[in-house]
Amino acid sequence: MTVPRFSTLGCRLNAYETEAMRTLAADAGLTDLVVVNTCAVTAEAVRKSRQEIRRLRRDNPAARLVVTGCAAQIDPQGFADMVEVDAVIGNTEKMQATTWRALGSDLIERTEPVQVDDIMSVTETAGHLIDGFGTRSRACVQVQNGCDHRCTFCIIPYGRGNSRSVPAGVVVDQTRHLVERGVNEVVLTGVDLTSWGADLPSAPKLGDLVMRILRLVPDLPRLRLSSIDLIEADPNLMLAIATEPRLMPHLHLSVQHGDDLILKRMKRRHLRDDVIRFVVEARQLRPHITFGADIIAGFPTETDAHFENTRCLVEECDLTWLHVFPYSPRQGTPAARMPRVDGRVIGERAACLRALGAAQLQRHLHAQVGRTHRILMENTHIGRTEQFTKVRFDTPQIKGRIVEAAITGTSGSWLTAWAGSRCHAISLTIEHNTVTARALLLARYRQHINRERRCRQCPKSFFAKNFCQAPRTVWVLIGFNSDNAQTIPGLAQRGAYPPIMTLDTKNDPRGLGEMGLAKPNKRGRPCQGGIHHALRAPKGAISMWTALPFTRSPDGRGGNHETCRGR
């Protein structure tokens, strides 16, 4: 006997619904079951769904195989005709407990192997409660389903039905329940998220829902939005972006293209200038906000000039996360009847956009180095910043916790981080005997304390603004073993402030590799930008490092060398 196995293709809403189905299947006591939650956003997505069905049948020859999701909703008979499939259930049916109880009694396979009703007749969306995607860190709450718009390339409304909203009270209750379970981030998700509320009494907007959640669930640390339609952003949503730090500064926009003519042929409701205007306004309200975007390459009738407008829009708006779709026709959509672009050209344009997206991501990653972020840990070594950037830690953290950490570098499409106060600034290197070294170290330490005391009395000084307010200042004495450290008059024993850390470079030559300290140059001064390098102390030398919490330079570029000047 085995537990049900689920495979999910497509969007975050599909992933949310898979978690809900997992609970429904468990409640029904189902075993030896394989469920494929399909996607229909492109013809390629449908092909991959069929491919996944065949693969899972080969791997699980004795299990019952059930197909659901958008592709199954749109073409139920086509999937029922596959020899690998035992049953097909629609997008509405898959969220009903009665469907899974029927599967447990083999009723569906024996009597009606295809259970797919008219999705356009559905008028309500139930708010199914899930406890996260296998972790205690992040959970989604479905607040909306379906779409009332008819973009010429999109078949999803025929798989999801018309737009319908989950009442605000239900959303708030689900969010509160998740927070009580220890979830630190809630993601609001839907097919057309910004259309939430249009079918509810008094027609509230998404911004109203966001403000209500943050007001009524004060213990929620982080609230995040999935993909939004920028043209529907309401005033309260913009207000939340500007004033609510718990609303994460990352928005994924349904842009699709950067040329006005193509946007009109797509039947989109925004133009190129609308995208630029929204991005500029959002950045004025929240300077560190990042943007992702869905973009279609090779839409019918797209010329080189049209494509160039899209490429320029990505750079002009400084979009960070690109989700590029090579256009593929979907039968039943108006775009499928339009003159097509050559497939080779579509592939080249998609590759160009993906390369541009990779470059934009690298630009974003390098801009984060030296900054401090609050990172939500998805497992013991990987988390995400407020801007949804992936971060890797060398040392294990607690899964599900929000960790404040300094970004020390980049690794591919990831950031690397060190969890602790940011350390910087070399004070001096001593190559005298141990007695002289101890005396100089102690004198330098007292000088630092006196300077800090004076700076606290002068709130206008640069030092006071950037260092004295930070509670964690660390001194690292390199080259001292523990015996030497104890001989520094009483400091280590009394728990001095700032605290002292000793590292024996003879026995632990890599001891500072995880500290992220700046590497000295040949003259013993900090290398500009060297904060990412592991330390190598001069052989036989006793070095003293004044380790201060990292701060950005006055010009705002984050240059660490500014914090060392005159020290």
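Note that the structure is predicted; figures quoted are calculated from it, not measured.
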Could you label the plane-to-plane angle of the H364 and W321 rings as parallel, tilted or perpendicular, counting under 30° as parallel and over 60° as perpendicular?
perpendicular

Ignoring hydrogens and angles, tell me if any N or O in the side chain of Q144 forms a donor-acceptor pair with the backbone of D192 under 3.5 Å.
yes

State whether a side-chain donor-acceptor pair under 3.5 Å links H257 with T310.
yes

May I ask you to check whether S165 and D199 show a side-chain donor-acceptor distance below 3.5 Å?
yes

For T8, does its backbone N or O pair with a side-chain atom of N14 as donor and acceptor, under 3.5 Å?
no

For A72, does its backbone N or O pair with a side-chain atom of T38 as donor and acceptor, under 3.5 Å?
yes

Quick test of your reading: applying salt bridge (Lys or Arg N to Asp or Glu O under 4.0 Å), list the pairs with at least one residue in residues 205-220, sequence neighbours left out, ordered by first then second residue.
none

If we count only N and O atoms by modelled type, under 3.5 Å, do the side chains of T372 and E404 hold a donor and an acceptor together?
no

Main-chain N/O of A168 paired with W196 side-chain donor or acceptor, under 3.5 Å
no

Full working for side-chain contact (heavy atoms from CB on, under 4.5 Å) between F153 and T333
CA-CA 6 Å; F153 56 83; T333 62; 5.8 Å; no

Separation between OG1 (T42) and CD1 (I156), nearest 0.5 Å, reads 9.0 Å

Heavy-atom closest contact (K94 atom, G69 atom, distance)
NZ-CA, 3.8 Å

Is there a donor-acceptor pair closer than 3.5 Å between any side-chain N or O of D234 and the backbone N or O of G207?
yes

Using a 3.5 Å distance criterion without hydrogens, assess whether the side chain of Q73 forms a donor-acceptor pair with backbone atoms of Y158.
no

Carboxylate-amine/guanidinium proximity below 4.0 Å for R269 and E232:
yes

